Amino acid sequence: MTKQERFQKEFQEHVKEGLTAYPKYLSSRYIYDEKGDVLFQKIMALPEYYLTQAEYNIIDQHKDALAQIAIDEKGIDLIELGAGDGKKTKVLLKHLNDRKANFTYIPIDISQHSIDELTSSIKDLWPDMDVQGEQGRYFSVLDKLASYNNRPKLIIVLGSNIGNLEHPEAIKFLEQIQNSMSDKDYLFMGFDQKKDPLTIQNAYSDKTGVTQEFNRNLLHRINKEMDANFPVDTFEHWESYDPETGTAKSFLLATQPCTVKINAIELDINFDKWETIHTEISQKYDDRTVEWLAQQAGLKIKEIYEDNDQLFKNYLFIK
Ligand code: AVI
């Protein structure tokens, strides 16, 4: 079975399980095809989606402290999980380059297309930079990390990607990174913070409707890839943020009753009016919660960095 066939099988099994459950759910992991990637780029440029700018501000303010790690260690492997377009990372790369630090940049992403684009844009900017992109899923590529042990690693995970995981999965994710780290390694990770609930609500339900399109892309994909007939416009995006737990939840809401045929998996699914499909969580954190997650995963917080508007934090962890 090819990689693509395996992915399709997994996707079909997930759709069957999620849409026959009560209440119904689908994972946001499947939003990201080519169109989903473009929609997420658009979200990151929205004024309401403060996360990107806030983390950019943190990296810009603290690039020197991060570059110092490479200088002190006399060389590092800079490994980025979920690199995407690398916009924020380029601020750090430029600074490392300016300070003549000795490093290899290893961006890891699920999309080969993203890795190729990123590598060629870095080569255009800094032809001599040592870049060794790796295509793959976080968890499978993480195993490989353990073999990059010839010099200290600085592993970076930006964008509060961990927030798309429930706490038990987030701990597992941190644990897997921890397992691939030696005593000399560092992990630099972004965690979006609890804040005015309205700011969060607005970030995930923008007025232009890009977030709705992003969420609906799940249904477009099922239509296209599983020969289904979701009346996509009937499903509205809904966001609810619980300030106590810090969990923002995204839903697709059936505004009319309907029956959907998914031919590839021989399934008919009925939706009542106002029935939901839960599609994503975007967890918001505080220091106590991050400390707890880290401790569960065998990590210690070495440093905490915050943006000027106090919206977002990046934590530097060691083993
Ligand atoms: C990728 N991830 C961290 C984004 C988030 O903030 O949860 C995905 C997203 N969903 C809606 N807007 C952005």
Side-chain angles (χ1 to χ4, degrees), residues 25-56 58-59 80-89 107-111 114 137-139 156-167 169-170 173-174 188-221 235-243 245-253 276-285 289-290 293 307 311-315:
Y25 64 88
L26 289 170
S27 167
S28 59
R29 176 164 80 242
Y30 297 104
I31 295 179
Y32 300 90
D33 62 356
E34 223 169 283
K35 192 172 146 214
D37 287 346
V38 171
L39 287 165
F40 184 53
Q41 298 289 336
K42 283 194 182 160
I43 287 177
M44 287 196 290
L46 289 170
E48 293 96 328
Y49 195 73
Y50 59 84
L51 289 81
T52 312
Q53 201 47 43
E55 196 175 34
Y56 189 94
I58 293 174
I59 296 174
E80 179 166 19
L81 304 186
D85 69 356
K87 198 169 153 207
K88 287 172 279 191
T89 316
I108 298 171
D109 203 279
I110 185 81
S111 146
S114 296
R137 292 183 69 153
Y138 282 2
F139 290 113
I156 61 177
V157 190
L158 305 181
S160 202
N161 283 342
I162 192 166
N164 296 133
L165 304 174
E166 313 252 358
H167 287 325
E169 277 79 47
F173 178 51
L174 288 170
F188 179 75
M189 191 182 275
F191 289 76
D192 194 19
Q193 300 290 300
K194 289 182 175 174
K195 58 183 65 66
D196 182 344
L198 249 185
T199 306
I200 294 171
Q201 193 73 39
N202 291 339
Y204 290 91
S205 37
D206 67 283
K207 289 196 188 69
T208 55
V210 182
T211 309
Q212 168 157 279
E213 273 319 295
F214 173 76
N215 201 1
R216 282 176 171 171
N217 196 45
L218 263 169
L219 306 186
H220 281 299
R221 272 196 90 172
F235 287 82
E236 263 173 25
H237 171 73
W238 183 258
E239 190 70 24
S240 90
Y241 175 64
D242 177 348
T245 59
T247 309
K249 278 178 145 190
S250 300
F251 299 92
L252 288 163
L253 197 54
T276 50
I277 311 174
H278 170 44
T279 53
E280 186 175 56
I281 74 156
S282 298
Q283 183 64 37
K284 307 304 161 196
Y285 300 91
T289 310
V290 177
L293 290 173
D307 67 296
L311 298 168
F312 196 96
K313 286 183 183 172
N314 286 72
Y315 297 72

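Note that the structure is predicted; figures quoted are calculated from it, not measured. In listed order, ligands and their atoms are each counted from 1.
- Sparse packing is recorded around OH of Tyr56, with 12 or fewer heavy atoms of other residues, nucleotides or ligands lying under 6.0 Å away.
- For ligand 1, the atoms closer than 4.0 angstrom to any heavy atom of Phe214 are 9 (C), 10 (N), 11 (C).
- Proximity to Tyr32 (heavy-atom distance under 4.0 Å) selects the following atoms of ligand 1: 1 (C), 8 (C).
- Protein heavy atom closest to atom 2 (N) of ligand 1, with residue, atom name and distance, is Asn164 OD1, 2.8 Å.
- Distances below 4.0 Å separate heavy atoms of Gly159 from the following atoms of ligand 1: 3 (C).
- Remark: minimum distance from atom 7 (O) of ligand 1 to any protein heavy atom is reached at Ser282 OG, 2.6 Å.
- Nearest protein heavy-atom neighbour of atom 10 (N) of ligand 1: Glu280 OE1, 2.7 Å.
- Atoms of ligand 1 lying under 4.0 Å from any heavy atom of Asn161, numbered from 1 in the order shown and given with element: 1 (C), 3 (C).
- Nearest to atom 4 (C) of ligand 1 among the protein's heavy atoms is Tyr49 OH, 3.3 Å.
- Taking every non-hydrogen atom of Ile43 and a distance limit under 4.0 Å, the qualifying atoms of ligand 1 come out as 12 (N), 13 (C).
- With Ser28 contributing its side chain and Glu280 its backbone, the two residues share no donor-acceptor pair below 3.5 Å.
- Using modelled atom types, no side-chain atom of His278 and backbone atom of Leu26 make a donor-acceptor pair closer than 3.5 Å.
- Using a 4.0 Å cut-off to heavy atoms of Ser160, the atoms of ligand 1 that qualify are 3 (C).
- Among Thr211, Asp206, Asn215, the one residue that satisfies the side chain to side chain donor-acceptor pair (under 3.5 Å) test with His237 is Asn215.
- Under a 3.5 Å cut-off, the side chain of Asn202 and the backbone N or O of Leu198 do form a donor-acceptor pair.
- Annotation for ligand 1: atoms under 4.0 Å from non-hydrogen atoms of Tyr204 are 5 (C), 6 (O), 7 (O), 10 (N), 11 (C), 12 (N), 13 (C).
- Aromatic ring centres of Phe214 and Tyr32 lie closer together than 6.0 Å.
- A pairwise comparison of heavy atoms in Gly159 and Glu55 identifies N-OE1, 2.7 Å as the closest pair.
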Review point. Where do Leu174 and Met189 land on the side-chain contact (heavy atoms from CB on, under 4.5 Å) test, with the steps shown first?
Key: CA-CA 10 Å; Leu174 288 170; Met189 191 182 275; 3.7 Å; yes
